[in-house]
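Quick note: numbers below take in every heavy atom, side chains included, and nothing from hydrogens, waters or symmetry partners.
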Amino acid sequence: MSTDTRVALGQSVGFAAFAWGYPLVESIRTCRLQTGDEPASWRSPIDRLQHTPRVATDADRDVVTPANDLLYTTGWINLRDGPRILQVPAAARHPGRYFVLALYDAWTNNFANPGFRESPADGETIVLLGPDTPVDAPLPAGARPIRSPTNLIWLIGRVLAEPGGDLAAAGRLQSEIGLACTPGTDSGALPAGVRHWTGAAEDTIASLLARPAQTESIAAAFFTNLCRSLADQTIPAADSGLAAWFGRAGLTPSTDFDFQHLAAPLRSGLTIGMVEAARWIEHASRSRRARPWATNFGIGRYGSEYMVRALTAYKGLGALAAEEAIYAMSDFDADKQALDGRHRYRLRFAPGELPPVDGFWSVTLYDADRFLYANPFGRHSIGDRTPGLQADSDGGLSLAIGHDAPADPANWLPAPQGPFYLVLRMYVPRPEVRTWPIPPLQRL
């Protein structure tokens with residue numbers, strides 16, 4: 001095989017492997033961050049839950065695009081040593097309070113959502129089974145089995161926290177979420193990809209944007225972490241042919257994988273392909289058609305939609321499946337101009353046209369770095385529970401968005417002096433949400 005052919009092979013494999021494997025590496029990277037020794041509000045050892053007693057702020061930077069109207073309970077669960085028992089609180093003891101214990105596999109698929117919508121009102125006990133757990137494995141009496149596609153599970157519990165003095169009540173529900181090992185099993189074993197992580201614990205795309213001169217070292221870290229993670233996590237059966245093709249360029253599952261051991265032409269091609277895929281994802285995350293709102297009803301469970309999965313991992317890691325929540329993202333105004341806090345905008349819901357949900361809705365603003373914007377007003381979102389909102393004279397609702405505060409800030413969502421984007425979250429959406437027209441932002 002000629003050198004040029006090997007570069008071309010590496011380039012094609014590099015592009016596909018990055019788009020396919022980026023969500024897995026992001027999962028492992030986040031697991032490494034959140035199970036580390038450094039003190040932080042969202043961190044705890046493997047197989048143990050962390051209850052965060054406050055809503056997210058601009059200081060929280062482990063996971064991009066966090067919601068800030070929820071209390072989070074997070075945990076990384078490794079089923080390689082055996083099943084785990086998850087206790088779901090009784091919604092009947094907390095009337096009207098939305099909560100969900102979202103379960104994600106290592107590929108970021110939201111495969112189950114016990115909680116307010118899915119579980120019995122008096123709660124339930126769930127046994128989490130790994131992909132290799134025997135079908136005839138004994139289960140605790142009365143427990144519901146849920147089988148994970150991978151041994152690694154990311155649990156993201158979301159508990160609605162009303163503004164004001166509601167945190168204590170929300171925290172009581174949080175405290176009833178439980179996780180335990182089944183008898184005869186041990187906890188605390190980190191996945192191989194976490195144990196053998198190499199390079200900085202940074203998002204790969206963000207690293208490429210910040211340090212374009214270091215593409216070779218970034219590629220070495222990414223592909224090494226990908227192959228080491230594949231050694232410990234199940235590759236979907238539908239992707240086995242794709243994974244075998246990656247092997248032709250030297251990308252094979254192994255905890256001993258070392259990018260530097262590949263031939264130089266392959267390394268060069270893989271690096272070129274990775275950069276092209278990362279640029280495609282970053283560009284696509286800003287809506288190529290400049291639509292005022294972009295909504296995808298297929299996120300959360302992706303199948304072979306690898307680009308959608310990668311885009312979601314980049315800009316909304318840990319997204320819920322559509323039956324639990326719908327996310328709409330806005331990067332542009334009604335005139336298809338990029339949102340910028342130096343301008344003033346109005347988002348108006350006409351009378352009777354508020355988001356159609358049975359849970360709750362909120363509009364959250366994010367800075368260009370994909371985290372909450374630090375502002376002296378201390379407001380990051382506005383929704384159906386925001387106190388003091390003022391309705392329009394006709395019964396509609398208008399939100400003011402921009403860097404400079406209006407004369408009356410009751411309905412104001414502060415923005416940075418530069419690019420930003422919005423996410424409209426709609427929890428437990430009604431069927432009509434699929435045809436409901438989201439009003440675009442009007443630049444004033």
Side-chain angles (χ1 to χ4, degrees), residues 64-65 67-69 282-299 308 311-312 314-316 319 322 325-357 359-368 370 372-373 375 379-386 389-406 408-427 429-444:
V64 297
T65 322
N68 88 310
D69 32 27
E282 195 282 328
H283 177 70
S285 73
R286 291 180 278 111
S287 180
R288 287 165 291 175
R289 289 186 288 172
R291 293 176 295 177
W293 291 96
T295 305
N296 189 315
F297 296 101
I299 66 172
V308 175
L311 281 166
T312 307
Y314 175 60
K315 211 163 185 180
I326 297 294
Y327 305 87
M329 189 171 296
S330 178
D331 290 282
F332 301 92
D333 62 22
D335 296 321
K336 298 188 176 183
Q337 299 300 305
L339 300 179
D340 191 301
R342 290 171 294 184
H343 305 300
R344 295 183 300 118
Y345 300 92
R346 179 175 61 228
L347 174 59
R348 172 172 156 79
F349 299 101
E353 290 296 327
L354 290 174
V357 298
F360 70 97
W361 65 267
S362 65
V363 177
T364 308
L365 187 144
Y366 298 93
D367 210 334
R370 298 174 295 152
L372 296 169
Y373 163 59
N375 64 89
R379 175 178 284 176
H380 303 293
S381 67
I382 291 180
D384 55 3
R385 296 145 293 100
T386 302
L389 285 183
Q390 298 176 2
D392 298 338
S393 59
D394 63 357
L397 178 66
S398 294
L399 308 183
I401 301 168
H403 182 73
D404 295 328
D408 185 348
N411 293 19
W412 176 47
L413 191 52
Q417 283 186 309
F420 69 90
Y421 67 96
L422 302 175
V423 175
L424 168 61
R425 291 177 170 87
M426 296 171 279
Y427 291 87
R430 298 172 189 159
E432 58 265 32
V433 75
R434 293 178 178 267
T435 56
W436 172 68
I438 307 175
L441 271 71
Q442 302 290 337
R443 178 172 158 181
L444 303 178

(message) When you compare the side chains of T65 and Y421, does any donor N or O come within less than 3.5 Å of an acceptor on the partner?
(response) yes
(request) Examine distances only and state if a side-chain atom of H380 and a backbone atom of L372 form a donor-acceptor pair shorter than 3.5 Å. (result) no
(request) For the pair D392 (side chain) and G395 (backbone), establish whether a donor and an acceptor sit closer than 3.5 Å, ignoring hydrogens and angles. (result) no
(request) Report yes or no: does S362 contribute a side-chain atom to a donor-acceptor pair with the main-chain N or O of I382 at less than 3.5 Å? (result) no
(request) Kindly give the heavy-atom pair with the smallest separation between R348 and G396, and that separation in Å. (result) NH1-CA, 3.9 Å
(request) Go through the steps to decide whether V308 and N296 satisfy the test side-chain contact (heavy atoms from CB on, under 4.5 Å), and finish with yes or no. (result) CA-CA 9 Å; V308 175; N296 189 315; 3.7 Å; yes
(message) Restricting to non-hydrogen atoms, name the atom on D367 and the atom on P416 that form the minimum distance, rounded to 0.1 Å.
(response) OD1-CG, 3.6 Å
(message) Within the supplied structure, the quantity of interest is the number of heavy atoms (other residues, nucleotides, ligands) at a distance under 6.0 Å from E353 CD; does it exceed 12?
(response) yes
(message) Please give me the minimum heavy-atom distance between A328 and I438, naming the atom from each residue.
(response) CB-CD1, 3.5 Å
(message) Please give me the minimum heavy-atom distance between A415 and H403, naming the atom from each residue.
(response) O-ND1, 2.9 Å
(message) Looking at F297, I'd like to know if the NZ or CZ of R434 sits under 6.0 Å from its six-membered ring centre while staying within 45 degrees of the ring's axis.
(response) yes
(request) For residues D394 and P351, report the shortest heavy-atom separation together with the two atoms involved. (result) O-CG, 3.3 Å
(message) Determine whether a donor-acceptor pair (N or O, by modelled atom type, separation under 3.5 Å) exists between the side chain of D408 and the backbone of A410.
(response) yes
(message) Would you say that more than 12 heavy atoms from the other residues, nucleotides or ligands in this model lie under 6.0 Å from the CZ of R346, or not?
(response) no
(request) Would you please classify the geometry between the F420 ring and the Y345 ring as parallel, tilted or perpendicular, with 30° and 60° separating the classes? (result) perpendicular
(request) State the CG-CG distance between L413 and L399, to the nearest 0.5 angstrom. (result) 7.5 Å
(request) Would you check, one step at a time, whether the test salt bridge (charged side-chain N to carboxylate O under 4.0 Å, His left out) holds for R385 with D69? (result) CA-CA 9 Å; R385 296 145 293 100; D69 32 27; 3.3 Å; yes
(message) Within the 4.5 Å heavy-atom criterion, are P355 and F349 side-chain neighbours or not?
(response) yes
(message) Working to the nearest 0.5 angstrom, can you tell me the gap between S398 OG and N411 CG?
(response) 7.5 Å
(request) Would you please test W436 and M426 for side-chain contact (heavy atoms from CB on, under 4.5 Å) and show each step? (result) CA-CA 12 Å; W436 172 68; M426 296 171 279; 3.8 Å; yes
(request) Kindly indicate, with the supporting measurements, whether the criterion side-chain contact (heavy atoms from CB on, under 4.5 Å) is fulfilled by L339 and F332. (result) CA-CA 5 Å; L339 300 179; F332 301 92; 5.5 Å; no
(message) Checking the side chain of R430 only, and the main-chain atoms of V357 only, is there a donor and an acceptor separated by less than 3.5 Å?
(response) yes
(request) Please check if the side chain of R344 supplies one atom and the backbone of D404 the other of a donor-acceptor pair under 3.5 Å. (result) no
(message) Rounded at 0.5 Å granularity, tell me how far CD in Q390 sits from CG in L397.
(response) 10.0 Å
(message) Between D333 (side chain only) and L441 (backbone N and O only), is there a donor and an acceptor less than 3.5 Å apart?
(response) no
(message) I need the K315 NZ to I299 CD1 distance, nearest 0.5 Å.
(response) 12.5 Å
(request) For S381 and T364, work out which heavy atoms get closest and say how close. (result) CB-OG1, 3.4 Å
(message) Would R370 and Y314 count as a cation-pi pair here, with the cationic atom under 6.0 angstrom from the ring centre and within 45° of the axis?
(response) yes
(message) Below 30° counts as parallel, above 60° as perpendicular, anything between as tilted: where do the rings of Y327 and Y427 land?
(response) perpendicular
(message) Would you compute the distance between atom CH2 of W293 and atom CG of L347 and round it to the nearest 0.5 angstrom?
(response) 5.5 Å
(request) Could you grab the distance from atom CE of M329 to atom CG of D331, nearest 0.5 Å is fine? (result) 7.0 Å
